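Sequential numbering from 1 along the given sequence is applied to the chain's residues. Please read all numbers here as calculations on a predicted model, not as lab measurements.
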Amino acid sequence: MKFQFTLTFGEAIAYSSETFVAHAGVGEITETLLTLSAEGRFGLVNVYGPQSSGKTHLSVYCAGLLQSLGRSVDVVPASEACEWVLNRTSSGRIKKGDVLCIDDAADWISQPQVEGGFTAAADMLTQAKGLLVLMSSKPVADLRVSQQIKSRLVAGVQLEIGPPEEGDLDLILKAMSKQRGIKLTEPKRRFILARVSRTVPALTRYMTRLSELGQRASSSTSFEVLSEALG
């Protein structure tokens with residue numbers, strides 16, 4: 001029997017706190033950040049997970065949680081981290097409890113010339129009793145950074161993004177499809193989950209391929225595209 005699953009592709013939406021699925025694998029991370037912030041003491045936190053494990057979306061979600069405590073939070077990509085530090089050190093615009101979250105942080109702190117900027121950011125946030133959160137793909141031991149930076153990271157907190165529980169998977173896939181503007185009914189999601197490795201990175205890669213195939217489709221997309229994306 002040949003099945004015909006019709007997909008509808010629409011406009012992708014930006015990451016937001018509301019569209020993130022807070023699955024079991026990020027529970028310790030969110031709880032730790034909230035606790036550190038509520039206690040009003042400086043915290044240097046390295047949050048790590050493999051590529052496509054949802055670090056960027058997690059940073060947006062955590063920012064929303066911390067803002068609910070009245071904290072000022074900046075989520076900054078690695079490419080803009082130096083500019084952020086320069087602007088804040090020159091202006092002195094750091095308030096008590098401020099939070100700086102660097103996405104793809106390894107791309108920033110692995111550059112030899114940023115040691116001074118990292119130290120300046122850490123010192124500013126220490127005085128403000130804020131948080132410096134690094135989102136990276138590796139634990140501290142595997143990061144290629146200067147000894148000065150590594151010594152600070154070792155003294156901080158390391159948190160790993162864990163796998164979701166079985167009950168989280170359908171919610172995650174549903175959220176991924178919504179974020180990409182793809183309408184997937186429950187039978188279609190069951191089809192995907194039965195054939196794709198049940199991890200966030202694997203589902204992310206699959207949905208990325210499906211989005212690319214959908215953009216090339218002239219109209220409604222059939223079951224064959226769901227299967228083609230598995231390749």
Student: When clusters are formed by joining ILVMFWY residues with side-chain heavy atoms under 4.5 Å apart, either directly or through shared neighbours, do Tyr48 and Leu159 land in the same one?
Tutor: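 In one cluster: no.
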Student: Do the side chains of Phe191 and Val196 get nearer than 4.5 Å, heavy atoms only?
Tutor: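 No, side chains not in contact.
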Student: Find out if a path of hydrophobic residues (ILVMFWY) with successive side-chain heavy-atom gaps under 4.5 Å connects Ile109 to Leu86.
Tutor: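 Not linked; separate clusters.
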Student: Assess the residue pair Asp74 and Arg88 against the criterion (salt bridge (Lys or Arg N to Asp or Glu O under 4.0 Å)); give the C-alpha distance rounded to whole Å, side-chain angles, the decisive distance to 0.1 Å, and a yes or no.
Tutor: CA-CA 12 Å; Asp74 285 337; Arg88 292 305 178 93; 2.7 Å; yes
Student: How many angstroms lie between atom CZ of Phe20 and atom NE2 of His57, to the nearest 0.5 angstrom?
Tutor: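 Rounded to the nearest 0.5 Å, the CZ-NE2 separation comes to 6.5 Å.
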Student: Report the C-alpha separation of Val133 and Val47 in whole Å, then their side-chain angles, then the decisive distance to 0.1 Å, and conclude whether the side-chain contact (heavy atoms from CB on, under 4.5 Å) test is met.
Tutor: CA-CA 7 Å; Val133 183; Val47 177; 4.1 Å; yes
Student: Kindly say whether Met176 contributes a backbone atom to a donor-acceptor pair with the side chain of Arg180 at under 3.5 angstrom?
Tutor: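 Side chain of Arg180 to backbone of Met176: a pair is present.
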Student: Give the minimum heavy-atom separation between Thr19 and Ala14, together with the two atoms involved.
Tutor: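 For Thr19 versus Ala14, the nearest heavy atoms are OG1-O, 4.3 Å.
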Student: How many angstroms lie between atom CG of Leu36 and atom CD of Glu31, to the nearest 0.5 angstrom?
Tutor: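 Atom-to-atom, Leu36:CG and Glu31:CD are 12.0 Å apart.
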Student: I need the Glu115 CD to Thr119 OG1 distance, nearest 0.5 Å.
Tutor: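 Glu115 atom CD to Thr119 atom OG1 measures 5.5 Å (nearest 0.5 Å).
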Student: Would you check if the side chain of Asp98 reaches a backbone N or O of Lys95 as a donor-acceptor pair within less than 3.5 Å?
Tutor: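 The answer is yes, because a donor-acceptor pair under 3.5 Å joins these two groups.
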Student: Could you tell me if Ser59 and Asp103 have a donor-acceptor pair between their side chains, going purely by distance under 3.5 Å?
Tutor: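 No pair is found: no donor N or O on one side chain lies under 3.5 Å from an acceptor on the other.
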Student: Do any N or O atoms from the side chain of Arg209 and from the backbone of Ala229 form a donor-acceptor pair under 3.5 angstrom?
Tutor: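 Flag set: sc Arg209 to bb Ala229 pair under 3.5 Å.
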Student: Return the minimal non-hydrogen interatomic distance between Ser17 and Gly64, and the atom names on each side.
Tutor: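 Looking at all heavy atoms of both residues, the closest pair is OG-CA, 3.5 Å.
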Student: Just do the side-chain contact (heavy atoms from CB on, under 4.5 Å) check on Trp108 and Val85 with the steps written out, would you?
Tutor: CA-CA 12 Å; Trp108 178 52; Val85 173; 4.1 Å; yes
Student: Look at atom CD of Gln51 and say whether more than 12 heavy atoms of other residues, nucleotides or ligands are closer to it than 6.0 Å.
Tutor: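 Open.
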Student: Identify the heavy atoms of Cys62 and Leu33 that sit nearest to each other, and give their distance.
Tutor: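 What the structure gives for the nearest pair is SG-CD1, 3.8 Å.
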Student: Assess whether side-chain contact (heavy atoms from CB on, under 4.5 Å) is satisfied between Leu173 and Met207, documenting all intermediate values.
Tutor: CA-CA 8 Å; Leu173 183 55; Met207 291 303 298; 3.6 Å; yes
Student: CG/Leu203 to CG/Leu169 distance, rounded to the nearest 0.5 angstrom?
Tutor: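 It comes to 6.5 Å.
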Student: Roughly how far apart are Leu69 CG and Ser37 OG, rounded to 0.5 Å?
Tutor: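 Rounded to the nearest 0.5 Å, the CG-OG separation comes out at 5.0 Å.
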Student: For a quick test of reading the model, state the closest non-hydrogen atom pair linking Gln148 to Ser151 and the distance between them.
Tutor: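 That closest heavy-atom pairing would be O-OG, 2.7 Å.
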Student: Would a single hydrophobic cluster contain both Val200 and Leu184, if residues Ile, Leu, Val, Met, Phe, Trp and Tyr are joined by side-chain heavy-atom contacts under 4.5 Å?
Tutor: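 In one cluster with Leu184: Val200, yes.
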Student: So do Val75 and Thr56 actually touch side chain to side chain, heavy atoms under 4.5 Å?
Tutor: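 Sidechains of Val75 and Thr56: no contact.
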Student: Do any N or O atoms from the side chain of Tyr206 and from the backbone of Leu226 form a donor-acceptor pair under 3.5 angstrom?
Tutor: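 Confirmed, Tyr206 side chain pairs with Leu226 backbone.
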Student: Treat each ILVMFWY residue as a node, draw an edge where side-chain heavy atoms are under 4.5 Å apart, and state whether Leu132 and Leu66 are in one component.
Tutor: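 Different hydrophobic clusters.
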Student: Given Leu213 and Glu228, is the side-chain contact (heavy atoms from CB on, under 4.5 Å) satisfied, shown in steps?
Tutor: CA-CA 8 Å; Leu213 291 171; Glu228 185 179 349; 3.5 Å; yes
Student: Between Asp107 and Pro77, is there a donor-acceptor pair closer than 3.5 Å when you use the side chain of the first and the backbone of the second?
Tutor: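 Looks like no, no N/O pair under 3.5 Å.
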Student: For residues Val99 and Ile94: do they belong to one hydrophobic cluster (side chain heavy atoms under 4.5 Å, members Ile, Leu, Val, Met, Phe, Trp, Tyr)?
Tutor: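 Different hydrophobic clusters.
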Student: Considering only NZ, NE, NH1 and NH2 on the basic side and carboxylate oxygens on the acidic side, decide whether Asp123 and Arg152 come within less than 4.0 Å.
Tutor: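 The answer is yes: the pair qualifies as a salt bridge.
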Student: Test side-chain hydrogen bond (donor to acceptor under 3.5 Å, both in side chains) on Thr32 and Thr35; report intermediate values, then the result.
Tutor: CA-CA 5 Å; Thr32 300; Thr35 298; over 6 Å; no
Student: Any donor-acceptor pair under 3.5 Å linking the side chain of Lys150 with the backbone of Arg144?
Tutor: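 Answer holds: no.
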Student: For the residue pair Cys101 and Met135, what are the closest heavy atoms and their distance?
Tutor: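 Closest approach of Cys101 to Met135, heavy atoms only: SG-CG, 3.9 Å.
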Student: From Glu28 CD over to Ile161 CD1, what is the distance, rounded to the nearest 0.5 angstrom?
Tutor: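 It is 12.0 Å, given to the nearest 0.5 Å.
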Student: Could you check whether any side-chain N or O of Arg198 sits under 3.5 Å from a backbone N or O of Leu193, counting only pairs where one atom can act as donor and the other as acceptor?
Tutor: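 It does hold such a pair.
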Student: Hey, mind stepping through Asp104 and Ser136 against side-chain hydrogen bond (donor to acceptor under 3.5 Å, both in side chains) and telling me if it holds?
Tutor: CA-CA 5 Å; Asp104 291 325; Ser136 63; over 6 Å; no
Student: If you take all heavy atoms of Thr204 and Ser52, which pair is closest and at what distance?
Tutor: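 Taking Thr204 first and Ser52 second, the nearest heavy atoms are OG1-O, 3.2 Å.
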Student: Can you find a heavy atom in the side chain of Tyr61 that is under 4.5 Å from one in the side chain of Ser16?
Tutor: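 The answer is no, as the side chains (C-beta and beyond) never meet within the 4.5 Å cut-off.
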Student: May I ask you to test the Val76-Leu100 pair for a side-chain heavy-atom distance under 4.5 Å?
Tutor: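 Contact flag for Val76/Leu100 side chains = yes.
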Student: Just by distance, no angles: are the side chains of Ser211 and Thr208 close enough, under 3.5 Å, to form a donor-acceptor pair?
Tutor: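 The criterion, which ignores hydrogens and geometry beyond distance, is not satisfied for Thr208 and Ser211.
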